[in-house]
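Quick note on labels: first sequence line is chain A, next is B, and so on, each numbered from 1.
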2 protein chains.
Amino acid sequence: MEDTGWRPVKRTRTFEDVLAQIERRITEDGLTVGDRLPAERQLAEQLGVSRSSVREAMRVLETLGVVSSQVGRGPDAGAVLTSRPDSALTDLLRLHLGLATLEMREVIDTRHMIEQWAAAQAAASRADTSALAAALAGMDAARTAEEFVEHDTAFHCAIADASGNRLIAAIMRSLRDSMRRYSVEAVRRLGDTSVLRADHVRILEAIERGAAGEATRAVSEHLAHAYPSLFAGPG
Amino acid sequence: MEDTGWRPVKRTRTFEDVLAQIERRITEDGLTVGDRLPAERQLAEQLGVSRSSVREAMRVLETLGVVSSQVGRGPDAGAVLTSRPDSALTDLLRLHLGLATLEMREVIDTRHMIEQWAAAQAAASRADTSALAAALAGMDAARTAEEFVEHDTAFHCAIADASGNRLIAAIMRSLRDSMRRYSVEAVRRLGDTSVLRADHVRILEAIERGAAGEATRAVSEHLAHAYPSLFAGPG
DNA sequence: GACCACAGTATGGTCAGACCATACCGAAGC
DNA sequence: GCTTCGGTATGGTCTGACCATACTGTGGTC
């Protein structure tokens, strides 16, 4: 069984070729968010492929949160370049959680890591904290666990936003989306949310004071309070 | 302009419906990696939709790294459930970097965060370090910057693997993929890689000793050595 | 001149049916 | 037992058609 030096020819499906050409146009022509791609029929003709292949490429781009298609006519119709990495990441996580390729534990650990980092960054850069305060007020006014989690999510995503890193913020948002149901259950089990409130205030104040280390610690302890089962367990 | 309580009906495209049904089957029937989905024609008939719609749904699932399609006949043909979140994340990052929605700085900061965390986890759990040692040997034998970066990537991904968190590991792999070209350039600019080697040895030893704090510090300083422009710059 | 109703049209969404290349399966022949 | 070769199920692609949508422009009305 000698190595002949031959390698299998990479099979390129038509829609992958279309994809590659669109991507090339994006990078080379410097297309940016808001720009429109040619209409499907037009693109198909220009590339010499069928409309089906163009459509399959569009589905991929849409899945990755790079384009958004609108029917009808006019300036807003057609395929427009967008930037929605959040929903793509959310879909990714949800499906892989469903496939049992990922476990909730891994998602929460990742969230823990991100949130500590983001809180420290936000504190260090003295970021704007008005969104945090608004979310805090929303939690105080919440009447159900779902509502509470809604504003809690806003609070924690605002921390990620405040870090100034859009990639981190997008990952954070999709992580929270994936664990929404889990979080609601955790809040219900907890019953009393006053401990969480105190934690939130502590985090907010640490960020406002610019105390990065304290912000990190506060986040860590907050997560231990919110998900005690994951931190106290034997494993 | 009063709120009538009416909300626009969410337009559901056929392929989205197909997608939802497939996802439901995955979660409810407990389908897992290696299981096969029905053939496209069969699925189309069962769902009462056209094959095009089924195919568009397949493209989405394939993009998200959940299924893999093989032509031909036999046990391996057709749409098989897989788990490749890495390539999906890589595509996501590459496209959004191309769209200038993300900057390399954000990618590298994210990598910095992940790697510190992963090194600490690996040290704390006394993870197996044989992959790290192998990558180190590979770097020593490398004759070009590309080869060096290849094994360097393997080294750093092995740290993420050693953390035991598959989500973190997948993110790490896609981050490295996205910055490959950037890394090669950085190594070329650096010229001498002996500093990097010393850093790697220090990281490896810290993990082997179970010294989490030292591992974190070692990673941090290593990144400062590898990308001096991002850490010394004026802001 | 301002406004409104309506036909025209470009867009994505969907469908049906055909053909191709691939790769396994199995029977026929050696 | 082995090889050969046709059968067949699979995804990949193409064509052409029709639908729903939503803007555009025209022409009429006041």
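For the pair Arg189(B) and Glu185(B), the salt-bridge criterion is met [side-chain N within less than 4.0 Å of a carboxylate O]. Checked for salt-bridge contact, Arg24(B) and Glu28(B) meet the test: a charged N lies under 4.0 Å from a carboxylate O. With respect to Arg176(B) and Asp152(B), a salt bridge is recorded, a charged nitrogen being found less than 4.0 Å from a carboxylate O. We find that Arg55(A) and Glu62(A) are not joined by a salt bridge, their nearest charged nitrogen and carboxylate oxygen being 4.0 Å or further apart. Contact check on Arg105(A) versus Asp109(A) returns a salt bridge, with a Lys/Arg side-chain nitrogen under 4.0 Å from an Asp/Glu carboxylate oxygen. Salt bridge annotation for Arg51(A)-Glu56(A): absent, with no cationic side-chain nitrogen under 4.0 angstrom from a carboxylate oxygen.
Atom CD of Glu147(B) has more than 12 neighbouring heavy atoms from other residues, nucleotides or ligands inside a 6.0 Å radius. More than 12 non-hydrogen atoms from other residues, nucleotides or ligands lie less than 6.0 angstrom from CZ of Arg166(A).
At the phosphate of dT14(C), neither OP1 nor OP2 sits under 4.0 Å from any side-chain N or O atom of Arg51(B).
For the segment residues 70-81 of chain B, residues with any heavy atom less than 4.0 angstrom from an atom of DNA chain D are, sorted by number, Gln70(B), Val71(B), Gly72(B), Arg73(B), Gly78(B), Ala79(B). Of the residues in residues 36-46 of chain B, those lying under 4.0 Å from DNA chain D by heavy-atom distance are Ala39(B), Glu40(B), Arg41(B).
Side chains of Asn165(B) and Ser163(B): no donor on one and acceptor on the other come within 3.5 Å. For the 3.5 Å distance criterion, the side chains of Asp140(A) and His151(A) fail to qualify, holding no donor opposite an acceptor.
Here dC15(C) presents its C1' atom at 17 Å from CZ of Arg13(B), a figure rounded to the nearest Å. Here dA16(C) presents its P atom at 13 Å from CG of Leu47(B), a figure rounded to the nearest Å.
Among the heavy atoms of the strands lying under 4.0 Å from Ser53(A) are primed sugar atoms or P, OP1, OP2 only; no base atom is included.
Put simply, chain A comes within 4.0 Å of DNA chain D, heavy atom to any atom, from dG12(D) to dT24(D), going 5' to 3'.
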